[in-house]
Amino acid sequence: MSISTPGGPERRPTVVSTGKKPAAGRPASGAKAGTGKPAGTPRAGGSGKGPRKPVTPVKVSQGRAWGPIALFVTVGVLAAGIIGYGAWASFQGSKPWDKKANAIEGIVNIRKTDKTSLDYESHKSGPLTYKYSPPVGGVHNAAWQNCMGDVYDAPIANEHAVHSLEHGAVWITYRPDLPKDQVDKLAGKVRGVEKMLMSPYEGLDKPISLQAWGYQLKLDNADDKRIDEFIKDLRVNASVEGPTALCNTGVTATGTTPRELQQQPPTQ
């Protein structure tokens, strides 16, 4: 008598084939040879971790090298300053002399403010009257005061000094009571320099007064840097007759009256 399985014919387990057969003498996949344990089972005493990952090197930040950067910036600033100053100096040097003269603080440009006071038709003899003290131009004597860097220790005639201004000279005048060290500093700027002369002058409203044809600058101290600026910008440049006008062979005598009156014999 046979026994049947309920529900129909006898069912058999379904076997799924991988298509591979284990090689002779080797265990089936999933077990290690001779151990009977599945592959991947950690060994006794092991850490149980998988393969060690490569260690990424740690970078240590050392900060910026500020020393070279600061040096580079400093050099750049200095270079820019030098270039800028050179451009400014070049521009200043290219300006016309009268523009540079007008830029001197405190200078009076009588060519602009009172041009008619400088007009004259011919030389005149004898004492003359001037609007400005000391005079800066206008009618004058036929003889000029020698202006080859002459330093006069006594007053000179306006009539001769103005003729020197016409030739491009700068005339430095000062109060007779100006301290000697101040007088010596002024004399050092004049002595031996062509188109320069210097003399004391009574009645100045400032200790020092500088004159060129049509220009005047009054100052308190011989250390004032504007003295050098005035000389540099106006000596020769302010000449009415051009740079070749003479400054030698002029009157060298002192005295406030014109030469022809000084040379006349006294009246009885």
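Residues Lys115 and Arg111 share a closest heavy-atom pair of CB-O, 3.3 Å. Closest heavy-atom contact between Ile156 and Ala161: CD1-CB, 4.0 Å. Here the closest heavy-atom approach between residue Ala169 and residue Leu197 is recorded as CB-CD2, 3.9 Å. Taking each heavy atom of Leu165 and Gly137 in turn, the nearest pair found is CD1-N, 4.4 Å. Nearest heavy-atom pair, Ala143 versus Arg259, reported as atom, atom and distance to 0.1 Å: CB-NH2, 3.7 Å. Closest approach of Thr256 and Gln262 over heavy atoms only: N-NE2, 4.4 Å.
Proximity of Pro127 to Leu261: side-chain heavy atoms (C-beta onward) are separated by under 4.5 Å at one or more points. Using a 4.5 Å cut-off on side-chain heavy atoms (C-beta onward), Ser209 and Tyr201 make no contact. Two residues are said to be in side-chain contact when any heavy atoms from C-beta on lie closer than 4.5 Å; Thr173 and Pro200 fail this criterion. Side-chain contact between Trp213 and Val162 is present, with at least one heavy-atom pair separated by less than 4.5 Å. In this structure, Lys185 and Asp223 have side chains that are in contact, with non-hydrogen atoms separated by less than 4.5 Å. By the 4.5 Å heavy-atom criterion applied to side chains, Leu204 and Lys206 are not counted as neighbours.
Residue pairs meeting the disulfide bond (SG atoms under 2.5 Å apart) criterion with at least one partner in residues 212-243, sequence neighbours excluded, are absent. For residues 100-135, no pair satisfies disulfide bond (SG atoms under 2.5 Å apart), with sequence neighbours left out. Applying the disulfide bond (SG atoms under 2.5 Å apart) rule to pairs touching residues 150-215 yields nothing, sequence neighbours excluded. Listed by first then second residue, pairs satisfying disulfide bond (SG atoms under 2.5 Å apart) with a partner in residues 127-196 read Cys147-Cys247, not counting sequence neighbours.
Between Arg235 atom CZ and Lys195 atom NZ the span is 8.0 Å, to the nearest 0.5 Å. Summarising the geometry, atom OG1 belonging to Thr252 is positioned 6.5 Å from atom CG belonging to Asn146; distances are rounded to the nearest 0.5 Å. Note that OG of Ser133 and CG of Asp205 are 8.0 Å apart. Values are rounded to the nearest 0.5 Å.
Checked by atom type, the side-chain pair Ser199/Trp171 shows a donor-acceptor distance below 3.5 Å. For the residue pair Asn141 / Glu260, a side-chain donor-acceptor distance below 3.5 Å is found, with atom types taken as modelled.
Checked for salt-bridge contact, Lys180 and Asp184 meet the test: a charged N lies under 4.0 Å from a carboxylate O. Asp177 and Arg175 are not joined by a salt bridge, as no carboxylate oxygen comes within less than 4.0 angstrom of a charged side-chain nitrogen.
Surrounding CZ of Arg191 are at most 12 heavy atoms belonging to other residues, nucleotides or ligands under 6.0 Å away.
Here the side chain of Asn237 pairs a donor or acceptor atom with the backbone of Asp233 at under 3.5 angstrom. Looking at Tyr130, its side chain does come within 3.5 Å of a backbone N or O of Val139 through a donor-acceptor pair. The backbone N or O of Glu105 sits nowhere less than 3.5 Å from a side-chain atom of Glu229 that would complete a donor-acceptor pair. Within the 3.5 Å criterion, the main-chain N or O of His160 finds no donor-acceptor partner in the side chain of Gln145.
Residue Trp97 shares its hydrophobic cluster (ILVMFWY side chains chained together at separations under 4.5 Å) with Ile104, Ile107, Val151, Val170, Ile172, Tyr174, Leu178, Val183, Leu186, Val190, Val193, Met196, Met198, Ile208, Leu210, Tyr215, Leu217, Leu219, Ile227, Phe230, Ile231, Leu234.
The ring pair (Phe, Tyr, Trp, His ring centres under 6.0 Å) check on His163 picks up His123, His140, Trp144, His167, with sequence neighbours excluded.
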- [ ] Could you check Val108 against Tyr132 for side-chain contact (heavy atoms from CB on, under 4.5 Å), going step by step and ending with a plain yes or no?
- [x] CA-CA 11 Å; Val108 178; Tyr132 300 94; over 6 Å; no
